[in-house]
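Below you'll find the structure, written out as structure tokens, and then a few comments.
Numbers for residues simply follow the sequence, beginning at 1.
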Amino acid sequence: MRFQPIEGALVSTVVVAAAAVGGVGLRGLMVEFLELDESAAWTAEMRLTVVDLMARDKELTGRRRREEEEEEKMERGGIEEKLGEKELRQSVDEVSNLALDIGGSLIKMVYFSSNSGSSVDDQVHGSANGDSNHSVLSGRLHFEKFETRKIDDWIGYLSSKQFRQYGAQCNQAPASDKNIIKATGGGAFKFADLLKEKLGIILDKEDEMDCLVTGANFLLKAVHNEAFTYMDGQKEYVQIDQIDLYPYLLVNIGSGVSMIKVDSDSKFERVSGTSVGGGTFLGLGKLLTKCKSFDDLLELSHQGNNRVIDMLVGDIYGGMDYSKIGLTSTAIASSFGKAISKERELEDYRPEDMARSLLRMISNNIGQIAYLNALRFGLKRIFFGGFFIRGHAYTMDTISVAVNFWSKGDAKAMFLRHEGFLGALGAFMSYEKNDPADEASHQLVKQFPNSSYCIEDRVQSSDSTYASDNGCIECRLQVAK
Ligand SMILES: Nc1ncnc2c1ncn2[C@@H]1O[C@H](COP(=O)(O)OP(=O)(O)O)[C@@H](O)[C@H]1O
Ligand SMILES: CC(C)(COP(=O)(O)O)[C@@H](O)C(=O)NCCC(=O)O
């Protein structure tokens, strides 16, 4: 069972602005990172407390992950039974602030749902810090992903959930506003007409890089244990010093790869990128192995041996190291280099070896380019996000080794637990932008001063059947009375 005890649970708090006049409806949910002045007199605000529990151990992949999920599901059975179908369904009914990141490979969704199955009194668990001006509403931040190529299925899903009404939701907001959904990624442009035609949704487009950075900054500042290093099978959480976070390099490995130098909350520049990314792995992998899905390809790579197909330094140097330039005999001299052999054709290579070699080639290449860009701008911290990583041990290990090797141990690759949702989170946070009235109350509490609010501390999977790795974070809203 993965649920952590509530007492002592680590909590991050974000103040979100909302005009909650006469109700608890959310409007203009915002997250900008300013100092919280506890003495400030806020008239209309909410505080979102992210009780951070990770949905699952992201190191688990493929079959092991699925087995673990099954186990978890069984263990969780009691809770889900207690909540019951009805209550789960109702919690989805209270969705607000749906935000989308429609990428080349995956559609990512983030939204908030309050626990509408319970009465308002049940929802309000107490007042934060004994502050009688605020009450606390519990709910969830949901994370879901779908394959972009199955967009028709996804549209059906949105339609069935009536997600088309889940824009900047506020009980008092005009109905037309509810159909305006924040969206980022190329698909926000590509599919805008389709979504308008099929669902009546109007996409309010946000810049992709902007959203990636906003999402990363939010996670790094607000969510405890978000960043970690991974090397030789060892995962170590990195404590982020919020005062000393910038500058850093954000490497987002989606279909393609973007590298962004982040200088402050609002200042960043996309300094590089490479077209050899997640799409390359999945695309070439499918051609080479006949695998139908990313998960199958990853799974297959576990059983492979890249040395069968990669040309090693030792293959060139007669089994010896090339120590003068620091290359051991087992280092890869040329990825897929052995395939130049006249004797062997494609069918002579095992799909698992090719999958392994491909994963290694792409991960290593990205790690190297990332480090060179960090070096270019004197950046010490490199954070990797994007759904290519999928918390996969071999991928992270390879990236880490590349960064370590090229930096001669000076730099470390860091990974993010909500790796694939940076853009969608950024879009989620952009709801407030249209609401200048809320501007004054944009604030972030860097460290929640008292974790005893965390009445519930649990994670549950979403009810989506389209994709894995979905989940939600229990969160609490502090609502101005
Ligand atoms: N279930 C999945 N289906 C397809 N690709 C996946 C899946 N899980 C992880 N990936 C990998 O993640 C990449 C997409 O990452 P993502 O950050 O969502 O980028 P994009 O915004 O371009 O869709 C894919 O190219 C693939 O390598
Ligand atoms: C064009 C993109 C920003 C789109 O983002 P994605 O859907 O891949 O997450 C990305 O694929 C990318 O940065 N590609 C690399 C292009 C280049 O710098 O060569």
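No hydrogens or angles considered: a donor-acceptor pair under 3.5 Å links the side chains of Glu144 and Tyr157. Between Ser301 and Arg356, the side chains place no donor N or O within less than 3.5 Å of an acceptor N or O (distance only, hydrogens not considered). Between Tyr248 and Asn217, the side chains place a donor N or O and an acceptor N or O closer than 3.5 Å (distance only, hydrogens not considered). Counted by atom type alone, Ser357 and Asp310 present one or more donor-acceptor pairs between their side chains at under 3.5 Å. No hydrogens or angles considered: nothing links the side chains of Tyr371 and Asn404 as a donor-acceptor pair under 3.5 Å.
With rounding to the nearest 0.5 Å, the separation of CG in Asp397 from CG in Asn364 is 11.5 Å. Between atom CG of residue Asn97 and atom NE2 of residue His142 there is a gap of 12.0 Å, rounded to the nearest 0.5 Å. Here OG of Ser363 is found 12.5 Å from CD of Gln368. Values are rounded to the nearest 0.5 Å. Atom CZ of Arg381 is separated from atom CG of Leu220 by 10.0 Å, given to the nearest 0.5 angstrom. With values rounded to the nearest 0.5 angstrom, Phe415 atom CZ is found 15.5 Å from Arg390 atom CZ. Distance check: Ile240 CD1 to His224 NE2 gives 10.5 Å after rounding to the nearest 0.5 Å.
Taking both residues in full, the closest heavy atoms of Thr214 and Gly426 are given as CB-CA, 4.0 Å, listed atom of the first, atom of the second, then distance. Nearest heavy-atom pair, Glu208 versus Gly186, reported as atom, atom and distance to 0.1 Å: OE1-N, 3.9 Å. Closest of all the heavy-atom pairs between Met209 and Ser258 is CE-OG, 3.4 Å. Looking at every heavy atom in both residues, Leu199 comes nearest to Ser159 through CD2-CB, 3.7 Å. Closest approach of Arg376 to Val271, counting heavy atoms only: NH1-O, 3.1 Å. Considering every non-hydrogen atom in both Thr148 and Gly103, the closest pair reads OG1-O, 3.0 Å.
Two residues are said to be in side-chain contact when any heavy atoms from C-beta on lie closer than 4.5 Å; Thr229 and Met396 fail this criterion. Using a 4.5 Å heavy-atom cutoff, the side chains of Ile253 and Thr395 are not in contact. Counting only heavy atoms from C-beta outward, the side chains of Ile181 and Leu100 approach each other to under 4.5 Å. Looking at heavy atoms from C-beta onward, Gln239 lies in side-chain contact with Asn225 at the 4.5 angstrom threshold. Counting only heavy atoms from C-beta outward, the side chains of Lys196 and Ile201 never approach each other to under 4.5 Å. For the pair Arg417/Tyr237, a side-chain contact is recorded, criterion being any heavy-atom separation below 4.5 Å from C-beta on. Contact of the Thr280 side chain with the Phe388 side chain is not registered, since no non-hydrogen atoms from C-beta on lie closer than 4.5 Å. Between Ile366 and Phe384, some side-chain heavy-atom pair lies under the 4.5 Å cut-off.
Ring centers of Phe421 and Phe387: under 6.0 Å apart, within the cut-off. Ring pair Phe428/Phe112: centre-to-centre distance not below 6.0 Å. The six-membered or imidazole ring of Phe143 lies near that of His418, with a centre-to-centre distance under 6.0 Å.
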Inset, instruction - Walk me through it: do Asn306 and Ile332 pass the test side chain to side chain contact (heavy atoms under 4.5 Å, CB included)? - result: CA-CA 9 Å; Asn306 69 296; Ile332 299 172; 3.5 Å; yes
Legend entry - Chi angles and distances behind the side chain to side chain contact (heavy atoms under 4.5 Å, CB included) call for Ile260, Asn252: CA-CA 8 Å; Ile260 309 166; Asn252 191 65; 5.6 Å; no
Inset, instruction - Take Asp265 and Tyr246 through the test side-chain hydrogen bond (donor to acceptor under 3.5 Å, both in side chains) and record every step on the way to the result. - result: CA-CA 9 Å; Asp265 287 349; Tyr246 306 114; 2.5 Å; yes
Inset, instruction - Could you walk me through whether Ile309 and Met354 pass side chain to side chain contact (heavy atoms under 4.5 Å, CB included), step by step? - result: CA-CA 7 Å; Ile309 194 155; Met354 289 190 286; 3.6 Å; yes
Inset, instruction - Verify side chain to side chain contact (heavy atoms under 4.5 Å, CB included) between Val251 and Ile399, making sure each step is shown before the conclusion. - result: CA-CA 11 Å; Val251 180; Ile399 291 173; over 6 Å; no
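In this structure, Glu206 contributes its side chain and Cys211 its backbone to no donor-acceptor pair below 3.5 Å. In this structure a side-chain-to-backbone donor-acceptor pair under 3.5 Å is present from Thr289 to Gly285. Under a 3.5 Å cut-off, the side chain of Ser255 and the backbone N or O of Ser105 do form a donor-acceptor pair. Under a 3.5 Å cut-off, the side chain of Asp244 and the backbone N or O of Asp241 do not form any donor-acceptor pair. Using modelled atom types, no side-chain atom of Lys408 and backbone atom of Trp406 make a donor-acceptor pair closer than 3.5 Å. Ser293 contributes a side-chain N or O that, together with a main-chain N or O of Asp296, makes up a donor-acceptor pair within less than 3.5 Å.
Remark: Asp263 engages Lys261 in a salt bridge, criterion side-chain N to carboxylate O under 4.0 Å. Ion pairing of Asp353 with Arg307 is absent here, as no side-chain N (NZ or NE/NH1/NH2) approaches a carboxylate O to less than 4.0 Å. Under the 4.0 Å criterion applied to side-chain N and carboxylate O atoms, Lys182 and Asp101 are not assigned as salt-bridge partners.
Residue pairs satisfying the salt bridge (Lys or Arg N to Asp or Glu O under 4.0 Å) criterion with at least one member in residues 329-338, sequence neighbours excluded, are listed as follows: Asp315-Lys338.
The neighbour count for Lys198 NZ, taken as heavy atoms of other residues, nucleotides or ligands under 6.0 Å away, does not exceed 12. Atom CG of Asp193 has 12 or fewer neighbouring heavy atoms from other residues, nucleotides or ligands inside a 6.0 Å radius.
Considering Phe189, Phe191, Phe146 in turn, Phe191 is the only one that fulfils the side chain to side chain contact (heavy atoms under 4.5 Å, CB included) rule with Ile102.
Residues forming a salt bridge (charged side-chain N to carboxylate O under 4.0 Å, His left out) with Arg360 (at least two apart in sequence, or on another chain): none.
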